[in-house]
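One structure below.
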Amino acid sequence: MEHKGFSNYPWIFVSLVTFVAHSTCGDVSYSIPEEMKHGSVLGNIAKDLGLDVNTLSARKARIDAAGNNRRYCDVNLRTGELTVNERIDREELCSEKPSCFLKFELVLERPLELHRFTLQIEDINDNAPFFPKNLIRLELRESADKGARFRVNEARDADIGQNSVKSYALQRNEYFTLSVNSNANGRKNVELILDKELDREQQEEVTIILTASDGGIPPRSGTVAIHVTVLDANDNAPVFSQDIYEASLPENAPLDTLVLTVTATDVDEGPNGEVTYEFSHLSNNARSAFSLDKVSGEMRVIGPIDFEEDSKYEILVEGKDSFGLSSDTKVIIDIVDVNDNAPVIFIKSLNNPIPENVPPGTEVGIINVQDVDSEKNGQVRCLIRHDVPFQLLSSITNYYSLVTTAELDREVLSDYNITITATDQGSPALSSSKVLQFSVADVNDNPPVFEQQTYSSYVNENNKPGSSLCSVTARDPDWRQNGTVIYSLLPGEMNGIPMSNFVSINGDTGVIHAVRPFDYEQFKSFKVQVMARDNGSPPLSSNVTVRVLLSDVNDNLPQILYPTPDGNTFMTEMVPKAVQANSLVSKVIAVDADSGQNAWLSYHIVKSTDPGLFTIGVYSGEIRAQRDISESDVMKQTLVVSVRDNGQPPLSATCTVNLLISDNLAEVPELKDMASGEGNSKLTTYLIIALVSVSTFFLTFIIIILSVRFCYRRKPRMLFDGALAIPSAYLPPNYADVDGTGTLRSVYNYDAYLTTGSRTSDFKFARSYNDGTLPADLTLKKSTLDRRDDLLDIPDSLQVIFTNFCW
Ligand SMILES: *[C@@H]1O[C@H](CO)[C@@H](O)[C@H](O)[C@H]1NC(C)=O
Ligand SMILES: *[C@@H]1O[C@H](CO)[C@@H](O)[C@H](O)[C@H]1NC(C)=O
Ligand SMILES: *[C@@H]1O[C@H](CO)[C@@H](O)[C@H](O)[C@H]1NC(C)=O
């Protein structure tokens with residue numbers, strides 16, 4: 001039992017205690033209040049028992065606590081008064097017993113006397129009511145109904161009777177009232193009655209003071225605080241902060257991009273207020289694109305976001321508390337197009353190859369471009385470079401036709417790589433390009449072209465049959481058979497013989513071969529027409545002239561016309577004895593069928609009877625006396641003359657000139673012999689010829705003299721001397737020719753020969769010059785003029801002669 005610190009409790013109350021001494025039957029009883037001070041007198045027991053006070057001490061009077069160790073009271077041996085020895089607490093001794101007695105014995109010795117006495121302990125209000133705990137914690141669900149009762153432990157008071165708990169009082173409050181009922185076993189039921197429904201969301205805690213008071217005078221009281229905690233009831237669903245969440249997100253947003261955060265709040269507490277989020281409805285696309293954090297409500301990108309696939313997502317998100325109350329909201333995500341798709345070029349049709357002869361403006365291809373981006377990002381422009389003869393024409397949106405803008409020429413450019421670039425209008429713009437390869441198909445539009453305007457071939461006569469003369473080449477830039485060149489000879493003839501008898505051509509290589517040996521002495525040049533034709537259809541061709549020029553070869557021996565070279569000594573020249581030095585006595589006449597150097601003859605005396613007597617003009621063949629002939633000279637002189645041309649190697653012929661120094665034929669004895677010989681008739685013929693020659697010579701001489709005279713004023717100088725007229729019978733046919741090409745000219749070959757149509761009047765006019773006597777101007781003129789001009793250049797005086805004799 002607690003004492004509650006009542007030690008200083010005022011003694012006024014003690015005085016109220018009734019002292020009752022019962023001395024009946026030797027028993028004395030005292031009624032005393034509890035909690036008396038040490039030494040307080042309870043009564044005079046000696047007196048009450050009728051004992052002599054003075055003997056108390058001698059008789060060793062003492063108090064025994066019967067069955068009780070503690071001596072609450074003691075007896076004053078001098079006065080016989082009973083005093084409080086120890087604190088007496090009723091609550092401790094008797095607790096709740098309604099009456100409380102302490103039994104004692106007073107023991108006296110000599111003689112032994114035993115007196116029982118009783119102390120009746122009276123309650124005083126020394127204890128206040130108290131509650132078992134200072135604080136009563138009440139946890140009430142907010143869902144509790146009005147009128148609900150909540151028991152509160154009653155207060156206790158150690159005192160009893162009136163001093164025990166008598167009443168309760170509750171602090172004024174909104175929610176609770178107090179109900180106190182005594183129950184059957186005398187206890188009190190203290191209950192709080194809910195007077196108004198709780199709302200945790202409004203007020204989570206209510207603290208009220210309950211006071212218990214006892215019935216003592218003055219009353220004591222105890223209080224307890226009742227702490228009411230309002231427990232949450234899951235009475236609220238989560239509420240999203242927005243009905244609709246909207247966000248826009250660029251496509252291709254990187255993974256883990258935060259799109260938005262949904263927030264729902266649940267005013268409930270604890271698990272009732274813990275909101276978790278989840279998708280309640282979303283498409284498969286959205287499912288692979290977005291994640292939702294269960295707790296934080298953050299929506300993030302987890303997959304590819306492609307505007308072209310989905311431009312808008314509508315997602316329902318549910319917010320749910322732990323006990324399943326939920327609400328939802330709509331999330332709208334607009335995907336913003338990003339220019340992430342380059343245009344794509346599709347070739348819809350293509351005419352390849354393009355024939356090179358198509359006219360400008362021909363459509364050769366159709367192109368389609370596509371860009372899946374939207375708006376500007378998807379608007380495409382298509383371009384090609386300007387350096388190709390093509391352009392793009394846009395007829396229908398996103399369709400282009402590729403047309404040529406100029407004529408194509410395969411031979412100039414046979415392949416075109418056309419780069420088409422498609423660019424969209426986004427920023428930055430994306431572009432893509434495609435290369436179209438066109439080849440230009442060939443058309444046979446080029447004839448073969450010879451590399452040279454004319455071809456000339458120089459070839460020595462007596463060539464081998466089959467030897468190549470030259471080769472012609474024609475080029476045709478066309479393709480394959482359109483550019484394959486075939487050579488052929490065009491039909492033609494020379495002197496009535498088909499050209500093919502002279503030359504042939506290799507159709508593939510253009511090499512021209514001689515079919516047979518050529519003879520310079522027959523023809524000096526000829527022309528042949530060669531055609532180059534391609535293999536196209538129709539074929540194209542071109543012609544060229546090939547000139548074959550023959551070169552002379554020294555293949556002809558000098559031919560001695562006079563004296564006849566057969567070594568016959570019958571032919572004898574008469575030399576008058578009176579011949580003086582340097583007079584012409586005879587002449588060796590020789591020709592050479594070759595031309596040029598090959599026909600340039602020189603004369604040498606290789607053997608003579610009297611070496612010092614006669615000389616021969618190296619180039620003229622004129623035999624002259626070197627000195628005056630004297631009587632002592634041998635009458636019959638024989639000269640062996642060699643005629644040699646200037647070819648490489650030179651060819652030569654020899655003849656024997658017989659000279660007879662005599663004035664009288666009869667003096668010559670050998671002549672008779674000669675005449676009687678087999679050459680007799682021949683000699684006669686030669687003599688006749690010689691005579692005719694001499695007379696012709698003479699006649700000519702006379703005429704020339706006359707002519708010179710006649711034209712003296714016009715021709716002041718002697719044009720020639722020593723000219724000899726040779727009977728035409730000695731000239732070989734076609735001899736009179738000066739090379740038309742002028743290639744073999746020589747100052748030593750300037751005999752001008754004239755041939756008329758009539759054999760009988762064949763005439764040779766020769767000018768003979770001594771070495772170095774040729775006037776330079778004539779030489780120059782001759783070297784530049786052809787044969788006709790050569791004739792026309794002859795001085796007038798000569799023309800007269802020609803007029804008379806030749807024409
Ligand atoms: C076109 O392109 C092809 C392949 O890239 C190449 O071989 C050819 O030379 C190109 N032609 C032209 C004319 O550029
Ligand atoms: C040659 O040209 C013709 C048209 O002239 C053309 O049809 C043909 O295809 C061409 N041949 C080749 C091999 O290109
Ligand atoms: C080439 O000559 C032949 C025959 O004379 C003729 O038919 C053809 O037209 C000529 N060709 C040219 C390109 O002159």
Side-chain angles (χ1 to χ4, degrees), residues 345 347 350-360 362 364-365 367 382-392 402-422 431-457 470-508 510 512 526-548:
I345 301 172
I347 311 296
L350 198 61
N351 301 338
N352 189 25
I354 312 166
E356 58 179 323
N357 60 354
V358 295
T362 306
V364 294
I367 284 116
C382 231
L383 292 173
I384 57 175
R385 285 180 24 203
H386 291 297
D387 55 359
V388 288
F390 293 90
Q391 65 176 3
L392 280 176
L402 185 65
V403 298
T404 59
T405 55
E407 302 235 348
L408 306 179
D409 189 352
R410 193 201 66 84
E411 286 74 37
V412 173
L413 196 51
S414 64
D415 282 299
Y416 288 94
N417 288 346
I418 299 169
T419 308
I420 298 179
T421 309
S431 66
S432 62
S433 59
K434 196 155 211 158
V435 178
L436 298 189
Q437 282 192 30
F438 280 104
S439 48
V440 180
D442 188 45
V443 167
N444 191 20
D445 55 353
N446 289 288
V449 173
F450 282 99
E451 284 178 343
Q452 291 172 225
Q453 299 261 323
T454 58
Y455 287 85
S456 298
S457 165
C470 69
S471 88
V472 294
T473 312
R475 308 237 173 252
D476 188 330
D478 287 328
W479 182 245
R480 296 265 161 90
Q481 72 256 30
N482 291 342
T484 306
V485 180
I486 300 158
Y487 303 94
S488 58
L489 294 179
L490 286 176
E493 55 180 33
M494 182 168 65
N495 300 339
I497 305 167
M499 227 45 236
S500 58
N501 284 12
F502 293 97
V503 290
S504 69
I505 190 163
N506 183 318
D508 296 329
I512 297 172
F526 59 89
K527 288 177 183 172
V528 59
Q529 295 272 314
V530 173
M531 177 169 79
R533 176 176 61 84
D534 63 27
N535 225 353
S537 154
L540 299 174
S541 69
S542 54
N543 298 341
V544 77
T545 303
V546 178
R547 268 183 85 180
V548 178

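We count ligands from 1, going down the list as the structure has it; atoms in each ligand are counted the same way. Since the structure is predicted, the reported quantities are computational estimates derived from the model, not experimental observations.
- In this structure, the side chains of Tyr416 and Leu408 come closer than 4.5 Å at one or more pairs of heavy atoms.
- Near Asn417, meaning under 4.0 Å from one of its heavy atoms, ligand 1 places the atoms 1 (C), 2 (O), 3 (C), 8 (C), 10 (C), 11 (N), 12 (C), 14 (O).
- When side chains are defined from C-beta on, Ile354 does not count as touching Thr362, because their heavy atoms never get closer than 4.5 Å.
- Screening Asn543, Ile505, Thr545 for a side chain to side chain contact (heavy atoms under 4.5 Å, CB included) involving Val530 leaves a single residue, Ile505.
- Ligand-side atoms of ligand 1 in range of Gln437: 2 (O), 3 (C), 4 (C), range being under 4.0 angstrom from any heavy atom.
- With a 4.5 Å cut-off on side-chain heavy atoms, Ile512 and Ser457 do not count as touching.
- Side chains of Thr404 and Pro389 form no contact here, defined as non-hydrogen atoms less than 4.5 Å apart.
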For residues 435-451, dump all side-chain donor-acceptor pairs below 3.5 Å to protein atoms at least two apart in sequence or in another chain.
from   : atom 1 : to     : atom 2 : distance (Å)
Ser439 : OG     : Asn352 : OD1    : 3.4
Asp442 : OD1    : Arg410 : NE     : 3.0
Asp442 : OD2    : Trp479 : N      : 2.9
Asp442 : OD2    : Asn482 : ND2    : 2.9
Asn444 : ND2    : Asp534 : OD1    : 3.2
Asn444 : ND2    : Asp534 : OD2    : 3.3
Asn444 : ND2    : Pro538 : O      : 3.1
Asn446 : ND2    : Glu411 : OE1    : 3.1
Asn446 : ND2    : Asp478 : OD1    : 3.0
Glu451 : OE2    : Arg475 : NE     : 2.8
Glu451 : OE2    : Arg475 : NH2    : 2.8

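- Annotation: Ser542 places no N or O atom under 3.5 Å from an N or O atom of ligand 3; distance criterion only.
- Near ligand 2, Asp442, Val443, Asn444, Trp479, Arg480, Gln481, Asn482 each place a heavy atom less than 4.0 angstrom from the ligand.
- Of all atoms in ligand 3, listed by their number and element, those nearer than 4.0 Å to a heavy atom of Asn543 are 1 (C), 2 (O), 3 (C), 8 (C), 10 (C), 11 (N), 12 (C), 14 (O).
- Atoms of ligand 1 found under 4.0 Å from any heavy atom of Asp415, numbered from 1 in the order shown, are 13 (C).
- Heavy-atom proximity to Ser541, at under 4.0 Å, picks out these atoms of ligand 3: 13 (C).
- At a threshold of 4.5 Å between non-hydrogen side-chain atoms, the residues Phe502 and Val548 do not count as touching.
- No side-chain heavy atom of Val364 sits less than 4.5 Å from a side-chain heavy atom of Leu350.
- The main-chain N or O of Ser471 is never found under 3.5 Å from a side-chain atom of Tyr487 such that the two would form a donor-acceptor pair.
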